[in-house]
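By convention in this document, chain letters (A, B, ...) are assigned in the order of the sequence lines, proteins followed by strands, and residues within each chain are numbered from 1. Since the structure is predicted, the reported quantities are computational estimates derived from the model, not experimental observations. What you see below is based on every heavy atom in this structure, not just the backbone, and it leaves out hydrogens, waters and symmetry mates.
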There are 2 protein chains.
Amino acid sequence: MNLGHTKGTDMLESKECPDCKRINEVLTRVGDRWSLLVIISLSEYGTLRFNELKRNLGISQRMLSLTLKKLERDGLVHRTYHPTIPPKVEYKLTQMGKSFREPVSAIGSWALDNLIKIDKAREKYDVTVGS
Amino acid sequence: MNLGHTKGTDMLESKECPDCKRINEVLTRVGDRWSLLVIISLSEYGTLRFNELKRNLGISQRMLSLTLKKLERDGLVHRTYHPTIPPKVEYKLTQMGKSFREPVSAIGSWALDNLIKIDKAREKYDVTVGS
DNA sequence: CCGTATCCGATCAGATACTG
DNA sequence: CAGTATCTGATCGGATACGG
């Protein structure tokens with residue numbers, strides 16, 4: 001893949017990777033664990049209520065509230081408030097949120113595929129270092 | 001996409017999303033910002049020395065050291081020590097690290113493509129809330 | 001049901017100083 | 001050059017209590 005930076009003879013002379021700075025920015029915004037998990041959940045189920053997400057993820061009320069507000073602000077999640085009694089609030093992905101699904105799912109799938117490998121590598125490393 | 005969990009009539013009745021718990025685990029390990037940026041850098045340049053990474057990412061010495069050790073332990077990065085004077089240490093992706101390249105690059109590309117959109121959504125949100 | 005407010009411990013992450 | 005050690009502030013994140 002190509003993230004768009006300049007490759008060439010000055011490859012290692014650049015003071016800083018410009019893309020990394022920008023990627024860093026975005027990761028700071030939507031790259032935290034809870035955001036990714038909320039995105040994954042919504043991409044799986046389509047629409048979820050506040051407490052459904054809470055139960056699904058095992059996230060605290062506080063973190064879910066903060067995460068959802070942030071995702072809504074960033075335009076990744078749409079919030080629908082139904083002023084019934086008791087109130088009902090539904091969350092779903094926006095267009096941009098949906099476009100985020102693919103890369104996030106790629107991470108998720110890789111995660112599921114490599115958890116065991118990581119555990120083994122870690123075990124091996126610890127034995128080697130411990131000797 | 002399908003992360004492998006059971007879909008069906010009990011979709012919303014499951015107490016917790018089992019995949020989310022496992023994905024959460026992996027994200028806890030290799031999902032932090034510095035790890036992702038190191039992976040991206042190494043996938044771009046192939047092999048980098050400690051200070052090259054440091055300059056590229058604008059990361060502090062401490063965090064880079066911790067991040068690299070963690071990635072090496074998890075089997076994603078390979079470390080080669082050349083006992084010269086001055087010493088020279090090179091880092092590159094392992095096979096598993098390379099397999100992580102694709103999903104991580106997908107995140108990176110999406111990030112570069114959507115930074116501006118996020119900024120606009122945020123601006124719009126702030127105006128709406130502020131009124 | 002859907003949050004917000006507060007408190008508090010745990011972890012993150014930079015700055016600085018030091019070693020082989 | 002390639003780290004480690006220590007200190008310190010910032011942020012994360014759970015628990016609890018409360019309100020619309």
The contact string for nucleotides 5-20 of chain C, one letter per nucleotide 5' to 3', using protein heavy atoms under 4.0 Å with B, S and - for base, sugar-phosphate only and none, comes out as -B------BBB-B--B
Chain B reaches DNA chain D, atoms under 4.0 Å from its heavy atoms, from D/dC1 to D/dT6
query = Should B/T80 and B/V89 count as side-chain neighbours, where that means a heavy-atom distance under 4.5 Å?
reply = no
Given C/dC1, is OP1 or OP2 found less than 4.0 Å from the side-chain N or O atoms of A/Y91?
no
A/R79 meets the salt bridge (Lys or Arg N to Asp or Glu O under 4.0 Å) criterion, sequence neighbours left out, with none
One should read off an interatomic distance between A/I107 CD1 and A/I40 CD1, to the nearest 0.5 angstrom, of 9.0 Å
Applying side chain to side chain contact (heavy atoms under 4.5 Å, CB included) to B/S65 and not counting sequence neighbours gives B/F50
Hits for side chain to side chain donor-acceptor pair (under 3.5 Å) against A/S35, two or more places apart or cross-chain, chain-then-number order -> A/D32, A/K70
For A/R49, the side chain to side chain donor-acceptor pair (under 3.5 Å) test, sequence neighbours excluded, returns none
If each end axis of the helix from C/dG3-D/dC18 to C/dG20-D/dC1 is fitted on five C1' pair positions, the angle between them, to 10 degrees, is 30°
Contacts satisfying ring pair (Phe, Tyr, Trp, His ring centres under 6.0 Å) that involve residues 56-101 of chain B (not counting sequence neighbours) are A/W110-B/F100
Note, B/V77 side chain near B/T94 side chain (heavy atom, < 4.5 Å): no
Residue set satisfying side chain to side chain contact (heavy atoms under 4.5 Å, CB included) with B/E123, at least two apart, ordered chain then number -> none
Beyond-backbone contact of B/N114 with A/M96, side-chain heavy atoms, under 4.5 angstrom:
yes
- Task: Compare all side-chain heavy atoms of B/R101 with those of B/L93 and state whether any distance is below 4.5 angstrom.
- Result: yes
Sorted by number, residues from residues 67-79 of chain A placing a heavy atom under 4.0 Å from DNA chain C are A/K69, A/R79
In whole angstroms, the gap separating C1' of C/dG3 from NZ of A/K88 amounts to 17 Å
In short, salt bridge (charged side-chain N to carboxylate O under 4.0 Å, His left out) pairs touching residues 102-121 of chain B with sequence neighbours left out are A/R29-B/D119
Applying salt bridge (Lys or Arg N to Asp or Glu O under 4.0 Å) to B/R73 and not counting sequence neighbours gives A/D126
